[in-house]
Each structure stands twice: as structure tokens, then as C-alpha cells.
Engineer: 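My structure is below; once you've seen it, I'll send some questions.
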There are 2 protein chains.
Amino acid sequence: MATRTDAPTRREQILKEAARLFAERGFHGVGVDEIGAAVGISGPGLYRHFAGKDAMLAELLVGISGQLLTGAKRRLAEADGVPPEAVLDSLIEGHIDFALDDRPLITLHDRELDRLRDSDRKLVRQLQRQYVELWVEIVREVYPELTEPTARSAVHSVFGLLNSTPHLGRPGSLPGRGVTAQLLHRMARGAFGAAGVE
Amino acid sequence: MATRTDAPTRREQILKEAARLFAERGFHGVGVDEIGAAVGISGPGLYRHFAGKDAMLAELLVGISGQLLTGAKRRLAEADGVPPEAVLDSLIEGHIDFALDDRPLITLHDRELDRLRDSDRKLVRQLQRQYVELWVEIVREVYPELTEPTARSAVHSVFGLLNSTPHLGRPGSLPGRGVTAQLLHRMARGAFGAAGVE
DNA sequence: CAGGGAGGTTAGCGGTCGTTAACCTGAAGG
DNA sequence: CCTTCAGGTTAACGACCGCTAACCTCCCTG
């Protein structure tokens, strides 16, 4: 896989700053002038790169959902002959990496979905649903005692747990990335394990 | 305890509808005319009851944090001689009740805090901090192997888990309130239990 | 029965915001 | 050297939105 070493394009700069600002103050709370200023150009200059403010949010949210789903699919594909426990661990790890590395995106992900045009929102929801179903399948292999609806609820709840990283204080105050990742991982496993004891 | 049977005041109607609308479309995404329409009056009519749109959000958020903290304090006060496990269960139960009964408020709670005036935001954060500290204390009694920072992270994560109810589909699609509450409770306990195995 | 406050109404002001229009500039290509 | 075009700029428009002003109408009370 060719890791990119080239400088980020202007488009990518804009998306990154827009994500940060949207996460901080909400989609409606940020003006295009602000986004422009964050990358060193003025508001209307953004329209050389995006059709409008909505388009930025759409691209961000579709990108997030797609990235999560693609990553999960890749992990599943690589898991031939691997015990389901290890596959679940891999899914959890992937989600945690994303939550820790792209905190603004995780925040947007479940906060601004309703601001999208109908078609975009449907697409995002479809990607999210596929991602969830993928988890549900593996979770039920590891914890066969879980019914399907219970497993789905449990998956959503664990997402809530893993996505709580934005609330864990600013990056500096955390006890270290690796430690936090391991804590979240253990807790997710513990939560799944406890979901089915009835 | 005198349960109120009297009709809700106009003020309370407004707050309830405002909470729902803010949760659905975000603070900036809702106009005062809409809030007014939701209770059968026109936009500017709201100013007979509130100083402004900001004041509604402030009252909602302060109310939420206060209610959570007050409930938790009451539960602690009632727990004289009760084993810490039971106290923790009581805290979890209280939080779940709130999350399931007032889903719009839970959504607002960690989504629109930054839209508040400085003084209000400080107050809310202070109430939230007290609530967290209260949990941390009990959690460490039940799970003494947890260090203090770990326990605090764990508490935040469990809040993420418990507050995930808004993502569990519309009220009808849930497997029943009691069942959901029990599932969340078990998972929260499981998550705490797994937090400290190192 | 006067009057006054509580709780509405509509009209409209002022500011903000997304977007477009019109123009400029520097670098690449024939 | 002229053209083209990507990627900027500023000015300005139109819509929307929070809020105030001015007014109206019950209902309660002395």
C-alpha cells in the first residue's frame, strides 16, 4: 500500500479544518468565512473547491462512514482461519484507532447527520448500517448466547463507549494513547461479555 | 414525595418542545418561530416567558446537570450501610432511567454545551464534574484495583455507553424498556469490571 | 366598574450568513 | 508572446433570524 508522503491538497486542508470547526461549534455555528480563514483564504474562495457548505459536510460524513466500513471489511477479509475472538479484537482496535486519531470526525459522525440532504443522509445511513451488521455478525460468533436484536443494541452501546473519547479531556490530559486504547478495548470486551448473561 | 398531577405550565411546555427541537436539529438549526409554533403561539410570544433563545438552552442544560447530580446525591444519602455494589447499581439505574425517559435532554447534554454563555457553561461543567467525581468515588470502592485516572476515564466511557440510547432506533423499535434498561445495566457493570484487569 | 397586568398578536429593524458576480494574477503551454 | 485557466480577491444581494416595539384582549381585583 502506497503511504502518501506528498503535501495535503488544498481540498484536504479545507476538509480537515471544516471538520474541526464543525465539531467544535456545530455545522450551523460555523461560517464559511471562518473555514476559509482557517486555511488562509477568504470565504468565497472555498467555492473553487466545493459546491457549498453542505457539500463539505456531506463529503466529510460519507468519508467517515465509508472509511470505517472499508477498514472493517479489510479486517474481515484478512481474517481467514483466524478465530472470531481475534477478528472482534481487530474490529475494536480499528474503531478505537479511528476514534482516537480523528476525534473531530467521530464527533461529527453522530452529531450532524441530520443536516445532510436526503440523498446523502440515506447513503451515510446505509454505510453505517452495513458497518453495524458486520459487527453484529462477528459479535454473535464470539457470544452465541446473544439474540440478534440484543447483539445489535449491544453494538450500538459499545460504539457509544468507544466514541466517548472526545469527552475524555484534551489530548494532553489523557494517560497516554496506548493506555487509553487498551482501557477502551478491555471495557468493550467486558461490555459485550456482560450483555448476554441474562 | 408529592408527584405532580397538575397540568404543565406554558413555560414547561416550551422547554420540553425546545429540547426536542434542539436535539433534532441543533440549537442554531431551530428558529424561535418554530419553537413557538410547537406550543401553539408565535415566535415573539416566547419572550413573555424567556429572556431569549439562549436562556432556554441554558435553563435546559443547567436543569439536566442539576437533576442528574441531585438524583445521584439523593441515592448516596439513602445508601447508609448499603454495600457499595448496590450503590453503584443505584447510580447506574438512575442514569439509565434518565437516558431512557428524557432522550432529547441526554442528547443536548453533551452536544450543545458550547453554545452557552461563559457563566452558564462554567456552572454546567461544575455540576457535571461533581457528578463524575461522585461516580468515581463509588466505582473505586467497588473496583479498588482501579487507579483514579483510570476510574475517571472508565466513568466517562460508561456514560457514553449509557447515553447511546438515542442511537438505538425510535422508541417503538426497542425490545421493551425494561429489557433495554437491564441490558445497559449489565453492560455498564461488565465494562467497569473489565476496566481494571490490566 | 375602572384599571392593570399577564400573555398574546403583527410589523419591522438590524445583523449575519451563504452564495454569486465581476475582476485580478501568476504560471503553464503552444 | 499571447492565451488560458486555476485559484484567488472584494462587493454585494437576498434570505433568514433573533429580538423589540406597539398594540390588543381577557381576567382578576379593589
Side-chain angles (χ1 to χ4, degrees), chain A residues 6-62 104 108 111-121, chain B residues 6-62 104 108 111-121:
Chain A
D6 32 329
T9 70
R10 172 63 28 117
R11 233 173 160 276
E12 290 167 331
Q13 286 180 43
I14 296 172
L15 283 176
K16 186 180 163 196
E17 293 303 310
R20 185 180 54 81
L21 290 167
F22 289 161
E24 278 174 12
R25 299 210 291 283
F27 178 67
H28 291 294
V30 181
V32 289
D33 289 354
E34 256 173 307
I35 303 172
V39 297
I41 68 179
S42 257
L46 296 172
Y47 288 76
R48 298 285 166 196
H49 304 276
F50 294 93
K53 199 181 157 194
D54 300 352
M56 300 181 209
L57 182 64
E59 188 156 328
L60 281 171
L61 293 187
V62 173
L108 281 188
R111 191 169 296 197
E112 307 282 359
L113 182 56
D114 301 321
R115 270 50 125 196
L116 254 48
R117 284 173 30 229
D118 268 28
S119 62
D120 290 324
R121 188 171 55 246
Chain B
D6 33 329
T9 70
R10 173 60 34 113
R11 234 172 160 278
E12 289 166 333
Q13 285 180 44
I14 295 172
L15 282 177
K16 187 180 163 195
E17 295 302 310
R20 185 178 55 81
L21 289 168
F22 288 161
E24 279 173 12
R25 298 210 291 284
F27 179 66
H28 292 295
V30 180
V32 290
D33 289 354
E34 256 173 307
I35 303 173
V39 297
I41 68 179
S42 257
L46 296 172
Y47 288 76
R48 299 284 165 196
H49 304 276
F50 293 92
K53 198 182 157 193
D54 300 351
M56 299 180 209
L57 183 64
E59 187 156 330
L60 282 171
L61 292 186
V62 173
L108 281 189
R111 192 169 294 198
E112 307 283 358
L113 182 57
D114 301 322
R115 269 50 125 196
L116 254 48
R117 283 173 31 227
D118 268 28
S119 62
D120 290 323
R121 188 171 55 247

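Residue numbers begin at 1 in each chain, while the letters A, B, ... track the order of the sequences. On a predicted model such as this, the values are computed, not experimentally measured, just so you know.
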Engineer: For residues A/Val32 and A/Leu46, report the shortest heavy-atom separation together with the two atoms involved.
Structural biologist: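 Looks like O-CD1, 3.4 Å.
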Engineer: Could you give the CZ-to-P distance, from B/Arg48 to C/dT9, as a whole number of Å?
Structural biologist: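 One finds 10 Å between P of C/dT9 and CZ of B/Arg48, rounded.
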Engineer: Take the protein atom CG of A/Asp54 and the nucleotide atom P of C/dC17, then report the distance between them rounded to whole Å.
Structural biologist: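 Computing the A/Asp54:CG to C/dC17:P distance gives 16 Å.
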Engineer: Of all the heavy-atom pairs spanning A/Met56 and A/Leu15, show the shortest one and how long it is.
Structural biologist: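 It is O-CD2, 3.9 Å.
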Engineer: What is the distance, rounded to the nearest whole Å, between atom CG of A/Leu46 and atom P of C/dT20?
Structural biologist: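 The answer, rounded to whole Å, is 13 Å.
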Engineer: Quick check: closest heavy atoms across B/Glu17 and B/Arg20, and the distance to 0.1 Å?
Structural biologist: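 Heavy-atom minimum between the residues: OE1-NH2, 2.6 Å.
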Engineer: How would you give the extent of chain B contacts on DNA chain D, as first and last nucleotide 5' to 3' within a 4.0 Å heavy-atom cut-off?
Structural biologist: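 Reading along DNA chain D, I get D/dG18 to D/dC23.
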Engineer: Checking all strands, does B/Gly52 fall into the base, sugar-phosphate, or nothing category for heavy-atom contacts under 4.0 angstrom?
Structural biologist: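 It contacts sugar-phosphate atoms only.
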Engineer: List the atom of A/Ile35, the atom of A/Ala18, and the distance in Å for their closest heavy-atom pair.
Structural biologist: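 What the structure gives for the nearest pair is CG2-CB, 4.1 Å.
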Engineer: To the nearest angstrom, how far is A/Phe50 atom CZ from C/dT20 atom P?
Structural biologist: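 It works out to 15 Å between those atoms.
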Engineer: Quick check: closest heavy atoms across B/Lys53 and B/Val30, and the distance to 0.1 Å?
Structural biologist: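 Answer, listing the atom of B/Lys53 first, then B/Val30: NZ-O, 2.8 Å.
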Engineer: What is the separation between atom NZ on A/Lys53 and atom P on C/dT20, rounded to the nearest whole Å?
Structural biologist: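 The distance from NZ of A/Lys53 to P of C/dT20 comes to 14 Å, rounded to the nearest Å.
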Engineer: Would you indicate what A/Val30 reaches in the nucleic acid, counting non-hydrogen atoms under 4.0 angstrom: base, sugar-phosphate, or nothing?
Structural biologist: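 If one applies the 4.0 Å heavy-atom cut-off, A/Val30 turns out to touch the sugar-phosphate alone, with no base involved.
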Engineer: Give the rounded distance in Å between these two atoms: CG of A/Leu57 and P of C/dG18.
Structural biologist: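 Whole-Å distance recorded here is 12 Å.
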Engineer: How is B/Gly31 classified with respect to the nucleic acid when contacts are heavy atoms under 4.0 Å: base, sugar-phosphate, or nothing?
Structural biologist: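 Sugar-phosphate contact only - B/Gly31 comes under 4.0 Å of backbone atoms but never of a base.
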Engineer: Counting heavy atoms from C-beta on, name the nucleotide in C/dA11, C/dG18, C/dG8 closest to the side chain of B/Pro44.
Structural biologist: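 Looking only at side-chain atoms, B/Pro44 lies closest to C/dA11.
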Engineer: Quick check on C/dG8: is either OP1 or OP2 less than 4.0 Å from any side-chain nitrogen or oxygen of B/His49?
Structural biologist: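 For B/His49, the contact criterion (side-chain N or O under 4.0 Å from OP1 or OP2 of C/dG8) is met.
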Engineer: Rounded to whole Å, how long is the line connecting atom NE2 of A/His28 with atom P of C/dG18?
Structural biologist: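 Computing the A/His28:NE2 to C/dG18:P distance gives 10 Å.
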Engineer: Within the structure, does a side-chain N or O atom of B/Ser42 lie under 4.0 Å from either OP1 or OP2 of C/dT10?
Structural biologist: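 Checking C/dT10 against B/Ser42, a side-chain N or O does come within under 4.0 Å of OP1 or OP2.
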Engineer: With distance as the sole test, does B/Glu112 use its side chain to make a donor-acceptor pair with the main-chain N or O of B/Phe27 at under 3.5 Å?
Structural biologist: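 It does hold such a pair.
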Engineer: Round to the nearest Å and state the distance from A/Ile41 atom CD1 to C/dT25 atom P.
Structural biologist: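 Nearest whole value for this atom pair: 18 Å.
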Engineer: Return the minimal non-hydrogen interatomic distance between A/Ala19 and A/Pro104, and the atom names on each side.
Structural biologist: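 Scanning both residues completely, I find the closest heavy atoms to be O-CB, 3.9 Å.
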